Amino acid sequence: MVSRRRFLVGTVALAGSLARAPRARAQRARTRLILLGTGGGPRPRKESSGAAQVIVADGAAYVIDCGDGVARQLAFAGVPLTSLRHIFLTHQHSDHNADYGNLIWLAWASGLSSRVDAWGPPPLDEMTTLFLQMNAYDISTRISNEGRVPLAPLVHVHELREGGEVMRDERLRVTAALVDHPPVVPAFGYRFDAADRSIVISGDTTPSERLIELAKGADVLVHSALYVPAVDRLVARVPNAPALKASIIAHQTSAEDAGRVAQAAGVRTLVLSHLVPADDPKVTAKMWIDAARTQFRGNVIVGKDLLEI
Ligand SMILES: [Zn+2]
């Protein structure tokens, strides 16, 4: 009887400590990073969503890139669409911007009634205006039928042409650097400095000295990555294979070079994301990690949709 009571007491104590643990962790890492979409390229896939990640700081969502499916991925991640506060586009390629307008529109249709700031390269202003025009019927219908606030006045667009400080608020300081992703100019990487951690998102780039500068000493670097030995298999599916292969290799960073960039920047953790190829079963997580580790001595994580880091 005594031993059973002791067992029960022990169980209750354990349950109590488990219940407290997530709260304690949440207090330590107030600033969350969740990978929403980790596949590179615009083709919709079963395995991974289009390029996107969210940083959640004090309950406000800072979304970086808006690949296909970003709003639904936020729902899967449990991040309320009504918490959308800022959007940052790294560059104007469809695997990074396909759902830019949809994210704002669907967040608003889900109850968002507060300001959203959007930052990124031109023609972000025109894209936003045309998107709202294209969907004017639904927007005006919902305003009159559902009593929603007008959408256009909530959206504040800021076109970026150069690197430097982008914005700062009570939660984060955001800095951009020009990266190299020809022929798409300008293309940016972004750094987010919060009180508790610093996170850098590379966007799409070849190995970039400016990105190394931007990422100096950061806790986490999310870098786009290419597994070069698999590119032949990837492009074999398409008729324009030689041109596509040359373009992919010239405008992206290999997993080894992502490791080199992370090492030069002295970051703690490298996250390989925007994976190309995105869905080749012959390229395993271990192969990605081994490639990056040839150059980087820190922690390497292979990006997976909805992974929180
Ligand atoms: Zn891309």
Side-chain angles (χ1 to χ4, degrees), residues 33-54 63-71 73 87-103 118-124 127 160 176-191 199-208 210-211 214-215 221-228 230-231 233-235 237-238 240-241 243-255 257-258 261 270-280 283 288 292 302-305 307:
L33 166 65
I34 304 169
L35 307 178
L36 298 173
T38 54
R43 176 175 49 84
R45 297 164 299 267
K46 282 186 190 173
E47 290 76 5
S48 55
S49 198
Q53 35 276 303
V54 64
V63 173
I64 305 100
D65 280 337
C66 296
D68 177 39
V70 61
Q73 290 299 94
I87 298 172
F88 303 85
L89 293 186
T90 59
H91 65 291
Q92 302 293 8
H93 249 162
S94 56
D95 54 332
H96 299 254
N97 69 13
D99 271 356
Y100 160 67
N102 285 336
L103 174 58
W119 312 79
L124 192 61
M127 286 165 59
L160 305 176
L178 283 167
V179 293
D180 303 311
H181 188 48
V184 180
V185 179
F188 293 103
Y190 292 106
R191 176 176 180 132
I199 297 162
V200 177
I201 312 286
S202 74
D204 285 8
T205 182
T206 58
S208 162
R210 281 190 292 260
L211 183 71
L214 183 76
L221 168 62
V222 180
H223 204 302
S224 59
L226 174 69
Y227 195 76
V228 177
V231 174
R233 282 200 296 277
L234 172 70
V235 300
R237 304 177 195 157
V238 298
N240 58 332
L244 184 61
K245 180 181 177 181
S247 161
I248 287 173
I249 290 178
H251 307 146
Q252 300 288 351
T253 298
S254 67
D257 279 341
V261 168
L270 168 65
V271 181
L272 301 176
S273 193
H274 189 278
L275 302 173
V276 178
D279 52 2
D280 184 337
V283 185
W288 284 107
V302 183
K304 216 173 165 13
D305 287 16
L307 181 67

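Counting starts at 1 for both ligands and their atoms, in listed order. This structure is a prediction, so every number in the text was calculated from the model and none was measured.
Ring pair Trp119/Phe88 is parallel by interplanar angle, where below 30° counts as parallel and above 60° as perpendicular.
Residue His91 does not count as close to the Zn ion (ligand 1), with no N, O or S atom under 2.8 Å. Taking backbone and side chain together, His274 holds an N, O or S atom under 2.8 Å from the Zn ion (ligand 1).
Considering just the N/O/S atoms of Asp95, the one nearest the Zn ion (ligand 1) carries the name OD2. The atom of Asp204 nearest to the Zn ion (ligand 1) is OD2, with the search restricted to N, O or S atoms.
Looking at Tyr190, its side chain never comes within 3.5 Å of a backbone N or O of Gly203 through a donor-acceptor pair.
When only modelled atom types and interatomic distance are considered, Asp204 and His251 share no side-chain donor-acceptor pair under 3.5 Å.
Residues passing the salt bridge (charged side-chain N to carboxylate O under 4.0 Å, His left out) test with Arg45: none are found, sequence neighbours excluded.
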